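See below for the structure under consideration.
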Amino acid sequence: MRWSQAFIPTLRDDPADAEAVSHRLLVRAGYIRQLMSGIYSMLPLGQRVRAKVMNIIREEIDAIGGQEFLLPQLHPKEIWDRTGRSETMSDIMMSFEDNKGAAVVLGPTHEEIFATVSSELNSYKQLPQLWYHIQTKFRDEARPKSGLLRVREFTMKDSYTFDLDFDGLDIQFDRHYAAYVRIFERLGMNAVAVAASSGAMGGKESVEFMVASDVGEDEVAHCDACGYAANVETASSSVPDIEDPDGEFAVERFPTPGVRTIADLEGFAGGALADRQIKTLVYFLDDEIVLVLLRGDHGLQEQKLLDVTQTTRSRPAQSDEIMALLGAEAGSLGAVGVDGVRVIADEGLRGRRSMTTGANENDFHVRGVDVERDIVISQWADVRAVVDGEHCVECGNPLKVFTAIEVGHIFKLGTFYAEPLGVTVLDKDGKTVPVVMGSYGIGVERNMAASVEANHDDKGIVWPAEIAPFHVVITVLRPDDEASIEVSEKLYSELIEAGVEVLLDDRDERPGVKFKDAELIGVPFRITVGPRGIDNGVVEFVTRKSGESTEVAFDEIVSEVVRLLR
RNA sequence: CGGGACGUAGCGCAGCUUGGUAGCGCGCAUCGUUCGGGACGAUGAGGUCGCGGGUUCAAAUCCCGCCGUCCCGACCA
């Protein structure tokens, strides 16, 4: 491609509405343009990268036996009514009527549609199967953000496996795991596989692939020593025991005027340190009101609470609801003497004595509380949010907690979907059995953006060669110089001949502009052709990532590039 | 959905408080000089000031309504 003919609208200034690095750079470097919130046009450079990302994914899934499908984007709403997901997913589902008045939706995912096809799986002899497609999804997100990282229309590779039993599923799952590891490597990212909450999805197990980034929306707890890694929605940690005072203590009520928070009580004469207080939270789990108890300096991880209670929705109670239940405002709440309400206590409170907590009367607390003696605990559970620096439950070393981008998610669904969707086969004995399923997803554009988050510097994008829109840019410093033209045109055709993707910067621009643009768009290698080198029979060869520059003879440069790209 | 900010030329912004001429930088076009890290000079093209209504002799500017975009939060297989 000749740059003079290419549509690569680079911008000198950062776009005003882009904050995430990948968003800023992809817009500035002319890869994408926004059409509306969460909806982007792929410009030629963007489309080249997107196609390469899809090809890598395709290669790796094909390599583990995947069969590529292409299912439609437009679905009859009726199919979604059957599984009830037109209701449960209604807030993100784009739905409307076609011209005949039939209710249709744009698919937010494709389980239901794959299921219609898989109904033609009839016999155990047809299993296992690995089906996938790379298709557009529509999800009407309440708040799209950070460029391509969270959008409303995007491409996803979603695969589905069908097995006769859970052993078969385990094999398919492990193969996907390995394929995903290779994919993220090839995309230039250091992805960590973490245990994830299966949440309302049900199923046996799920693993998310996470790339550390400060624009990520998830938090991961990771142990460098032993490799333990989990989404904080499911992560555990150990914290040092607190030594409670010896001796007998009785529950004693005392006035605490003006004390509203844990911190207030720490500073109050006769109060207590945070780790010697009991924090009492009032939550609705689905429609039941419950008390959740934590150590004063600990925080609640709501997803863990949902998981241990097998509920799907939680919300903090409002002040009037709290008042009706306990007769006091948040800040003076406690579980001592509370009856008829489910009390879920975090493991961190086990065996604790002589604690201080609210008295369920404004401006009063109680001390001398022995958690197990004085409080009726319905359920002990680990519902505490893991914090950076706490200790690994596996090996005891300090955990790191960091934000990350979820670049892939693989699920062992089991029969969770197969049963309601009626995906069954006849086994050897002629018995109808549900198929054991797995599902596996990678967002294409999100991975493009995540790769930029991981591969950039202050000059622009630094693509891994395999997904760069071009492998090499030939920067012609003096396109008005005959010798320069001759050399660069020859190189250009030889490189193309050698299978290298070349961008020939033949624009009538000053050198500085060309260098800046080449760096901004992130082409891995640059060959600079200028009068200075021509006199010596050499070109300058620059590696984008290292900035390293060498002089290479005319007749060696093509083989050098080919060697580096291999 | 709650909170905040913003909407003026392709991009980045000023002008709005105190109503009257729509401006700057970049980019773009032509010419000239330049040419190894975002050149310089000259000339020029380009704007329904987000949309609708109101106040006024007069609205980018004041008032009302709406729409859109971003950020924080809620939400999110």
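Note that the structure is a prediction, hence the values are computed from the model and not measured. Heavy atoms only: backbone and side chains are in, while hydrogens, waters and symmetry mates are out. Lettering of chains follows the sequences in order, A, B, ..., and the numbering in each one begins at 1.
- Across the protein-nucleic acid pair, A:L35 atom CG and B:G68 atom P stand 13 Å apart, rounded to whole Å.
- We find that CZ of A:R510 is positioned 12 Å from P of B:G27, with the value rounded to whole Å.
- Pairing for B:U69 is with B:A5, a Watson-Crick or G-U wobble pair whose two hydrogen-bonding atom distances lie under 3.5 Å.
- Using modelled atom types, one finds a donor on one side chain and an acceptor on the other under 3.5 Å when comparing A:Y440 with A:T161.
- Only the P atoms considered, B:C62 is 11 Å distant from B:G20, to the nearest whole Å.
- A gap of 15 Å separates the C1' atoms of B:G52 and B:A59, to the nearest Å.
- We find that CG of A:D517 is positioned 12 Å from P of B:G27, with the value rounded to whole Å.
- To the nearest angstrom, P of B:A39 lies 9 Å from CD of A:E509.
- A gap of 24 Å separates the P atoms of B:G23 and B:U18, to the nearest Å.
- Nearest nucleotide to the A:P511 side chain, out of B:C71, B:C70, B:G36: B:G36.
- Side chain to side chain, A:D81 and A:S86 meet the donor-acceptor criterion of an N or O pair below 3.5 Å.
- Residue contacts shown for A:M36 are limited to sugar-phosphate atoms, with no base heavy atom under 4.0 Å away.
- The base of B:G38 lies close enough to the side chain of A:R28 for a donor and an acceptor atom to sit less than 3.5 Å apart.
- Mapped onto RNA chain B by nearest heavy atom, A:T109 and A:A16 fall at different nucleotides, with A:A16 at the one closer to the 5' end.
- Considering only side-chain atoms of A:R12, the nucleotide from B:C75, B:U69, B:G27 that sits closest is B:G27.
- Comparing atom distances between the A:K145 side chain and each of B:A39, B:U69, B:C72 picks out B:C72 as nearest.
- Relative to the side chain of A:T528, the nucleotides B:G37, B:G36, B:C35 differ in distance, and B:G36 lies closest.
- Between the side chains of A:D505 and A:T475, no donor N or O sits under 3.5 Å from an acceptor N or O.
- Distance, A:D13 CG to B:C11 P: 11 Å, rounded to whole Å.
- Nucleotide B:U21 is matched to nothing when pairs are restricted to Watson-Crick or G-U wobble geometry with both distances under 3.5 angstrom.
- A donor atom on one side chain and an acceptor atom on the other are found under 3.5 Å apart for A:Y40 and A:H23.
- Partner of A:Q303 under the side chain to side chain contact (heavy atoms under 4.5 Å, CB included) criterion, chosen from A:L305, A:L300, A:D307: A:D307.
- Nearest to the side chain of A:L477, among B:C70, B:C75, B:G36, sits B:G36.
- If you check every strand for non-hydrogen atoms under 4.0 Å, A:G533 touches a base.
- Contact annotation: A:Q34 side-chain N/O to B:G68 OP1/OP2 distance is not under 4.0 Å.
- For the pair A:R532 CZ and B:C35 C1', the computed distance is 12 Å after rounding to whole Å.
- Shown here, B:C31 forms a base pair with B:G41; the pair counts as Watson-Crick or G-U wobble because both key distances fall under 3.5 Å.
- Residue contacts for A:D480: at a heavy-atom cut-off of 4.0 Å it reaches a base atom on one of the strands shown.
- A:H23 places its NE2 atom 14 Å from the C1' atom of B:C11, with the value rounded to the nearest Å.
- If you check every strand for non-hydrogen atoms under 4.0 Å, A:S146 touches sugar and phosphate atoms only.
- Searching all strands for a Watson-Crick or G-U wobble partner of B:U48 with both distances below 3.5 Å returns nothing.
- Between the P atoms of B:C6 and B:G46, the separation comes to 31 Å (whole Å).
- A distance of about 16 Å separates the P atoms of B:G19 and B:U56, rounded to the whole Å.
- Considering only the side chain of A:E540, B:G36 comes nearest among B:G37, B:G36, B:C35.
- The gap from the C1' atom of B:A14 to that of B:U8 amounts to 10 Å, rounded to the nearest Å.
- Looking at A:R526, its side chain comes within 3.5 Å of the base of B:G37 through a donor and an acceptor atom.
- B:C70 and B:U30: their C1' atoms are spaced 39 Å apart (whole Å).
- Residue A:R143 places its side chain closer to B:C72 than to any other of B:G36, B:C72, B:C35.
- One atom, CZ of A:R139, and another, C1' of B:C75, lie 14 Å apart when rounded to the nearest Å.
- With a cut-off of 3.5 Å on both pairing distances, B:C75 has no Watson-Crick or G-U wobble partner at all.
- Residue A:T475 places none of its side-chain N or O atoms closer than 4.0 Å to OP1 or OP2 of B:G36.
- Each of B:G36, B:A74, B:G38 was ranked by its minimum atom distance to the side chain of A:K516; first place goes to B:G38.
- Closest contact between the side chain of A:P531 and the listed nucleotides B:G36, B:A39, B:C70 involves B:G36.
- Aromatic rings of A:Y31 and A:W463 (six-membered ring for Trp) have centroids within the 6.0 Å cut-off, being under it.
- Distance noted for atom P between B:U48 and B:G32: 33 Å (whole Å).
- Mapping A:G147 and A:F515 onto RNA chain B by nearest heavy atom places A:F515 at the nucleotide closer to the 5' end.
- Looking at A:E489 and A:R2, a side-chain N of the basic residue comes within less than 4.0 Å of a carboxylate O on the acidic one, giving a salt bridge.
- Annotation: A:F525 is in aromatic contact with A:F541 [ring centroid separation under 6.0 Å].
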